[in-house]
Asks: 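Structure incoming, see below.
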2 protein chains.
Amino acid sequence: MTKADSKKKKTCLSLSEIESRLVIAGIQPTAQRIAICRYVLCEADHPTADDVKTWADQNFPKMSLATVYNTLGVLVGARLLKELKLPHSGSVIYDDNVSQHFHFLDEKTGELHDLPASAIEITPRLKRGFRVSSMEVLLKGSVG
Amino acid sequence: MTKADSKKKKTCLSLSEIESRLVIAGIQPTAQRIAICRYVLCEADHPTADDVKTWADQNFPKMSLATVYNTLGVLVGARLLKELKLPHSGSVIYDDNVSQHFHFLDEKTGELHDLPASAIEITPRLKRGFRVSSMEVLLKGSVG
DNA sequence: ATATTTGCAAAGCCTTTGCAGGGGA
DNA sequence: TCCCCTGCAAAGGCTTTGCAAATAT
């Protein structure tokens, strides 16, 4: 792996790969949706709806903000994306990592890092009757 | 402790106790602030600004929404309250428990329970350079 | 032909802000 | 007196919605 490659956050999918992912998920693969997927699944790192709109304005003939929100909602519904609402940002953040994992917020830069589930050992010791179905963990600090 | 007592979430403070808490925190103890503290520190459980406004409308001669937000902001600044932004609610939630602790959200009822820090054993295993200054943990599930 | 999807604009929710008036130190 | 606080109303950021036109199956 070259140094340049190591900066890439994720594997890039071809347009046809994206299209089949959408079809498999039961989503009509419209041009707008494919474009947004290309950005959100391949290029972006924890984008907001606004980030997507900005990207679309530069990389797609014409896309309305409503379509951006609508598409992101569809992708979340199909579990191709996860919605994150984190305390430091007023905007919803979209995460293409849909498996169980946690987050680390660099308070200096505002950067959000994914932490694999294995990076945190967490053991709830709850009272009788409490059943946990999911956990959200956000660590805040700095990356030196 | 009687059964009735056990339902109370917190100790009730007298008006003068509230007043001195404010003064100690360097906050002018105005009527509005004392009233809001009485609700937020004694009666309420994880209220939103809107909850405070609703309470004030019923228990205080006249209080503007701006004053509610302003006062809550002042209390947060003085560390008498903590702000919580949780994914299930569009509104900021105010927590009078300002010590390190975690939360459990009952997904059926929407109730938010405080978990003492001791209820969760959490061990981050991070890469070199990551320094953690605080942690936020939200467990979601049901209380049987 | 029928069901979806898009785009625009308007409305919505929650929160913040500007400014004038009022009250406490 | 002087400064801080309050209230009102307006503005602000982000997201959702209604509806007509365009598009896909």
Asks: To the nearest angstrom, how far is A:L72 atom CG from C:dT5 atom P?
Replies: 15 Å
Asks: Looking at every strand, decide which applies to B:D50 at a 4.0 Å heavy-atom threshold: base, sugar-phosphate, or nothing.
Replies: nothing
Asks: Does B:Q28 make a side-chain N or O approach to OP1 or OP2 of D:dC4 shorter than 4.0 Å?
Replies: no
Asks: Taking only side-chain nitrogens and oxygens of B:S64, does any of them come within less than 4.0 Å of OP1 or OP2 of D:dC8?
Replies: no
Asks: Which is more 5' along DNA chain C, the nucleotide nearest B:Y69 or the one nearest A:R33? Just name the residue.
Replies: A:R33
Asks: Rounded to whole Å, how long is the line connecting atom CD of A:E83 with atom C1' of D:dT16?
Replies: 12 Å
Asks: Using side-chain contact (heavy atoms from CB on, under 4.5 Å) as the criterion, point out the one residue from B:L84, B:V76, B:T48, B:L41 that pairs with B:Y94.
Replies: B:V76
Asks: Rounded to the Å, how far apart are B:D51 CG and C:dC14 C1'?
Replies: 13 Å
Asks: Starting at NZ of A:K85 and ending at C1' of D:dT16, how long is that distance when rounded to a whole Å?
Replies: 12 Å
Asks: In terms of the nearest nucleotide of DNA chain C, which residue is placed more toward the 5' end: B:L65 or A:A31?
Replies: A:A31
Asks: Whole Å only: how far is the CD atom of A:Q32 from the C1' atom of D:dA24?
Replies: 12 Å
Asks: Would you kindly give the CD1-to-P distance between A:I34 and D:dT23, to the nearest whole Å?
Replies: 16 Å
Asks: Are the side chain of A:S20 and the backbone of A:E17 linked by a donor-acceptor contact shorter than 3.5 Å?
Replies: yes
Asks: Over how many whole Å does the gap from B:D57 atom CG to D:dG7 atom P extend?
Replies: 11 Å
Asks: Do A:E107 and A:S142 have a side chain donor and acceptor closer than 3.5 Å?
Replies: no
Asks: Flag yes if more than 12 heavy atoms outside A:R38 fall under 6.0 Å of its CZ atom; otherwise flag no.
Replies: no
Asks: It should be established whether A:T30 places a side-chain nitrogen or oxygen under 4.0 Å from OP1 or OP2 of nucleotide C:dT6.
Replies: yes
Asks: Could you give the NZ-to-C1' distance, from B:K53 to D:dC8, as a whole number of Å?
Replies: 11 Å
Asks: Between B:N70 and C:dT16, is there a side-chain N or O to OP1/OP2 distance below 4.0 Å?
Replies: no
Asks: Angle between ring planes, B:W55 versus B:Y39, binned at 30° and 60°: parallel, tilted or perpendicular?
Replies: parallel
Asks: Does D:dT6 have its OP1 or OP2 closer than 4.0 Å to a side-chain nitrogen or oxygen of B:K62?
Replies: no
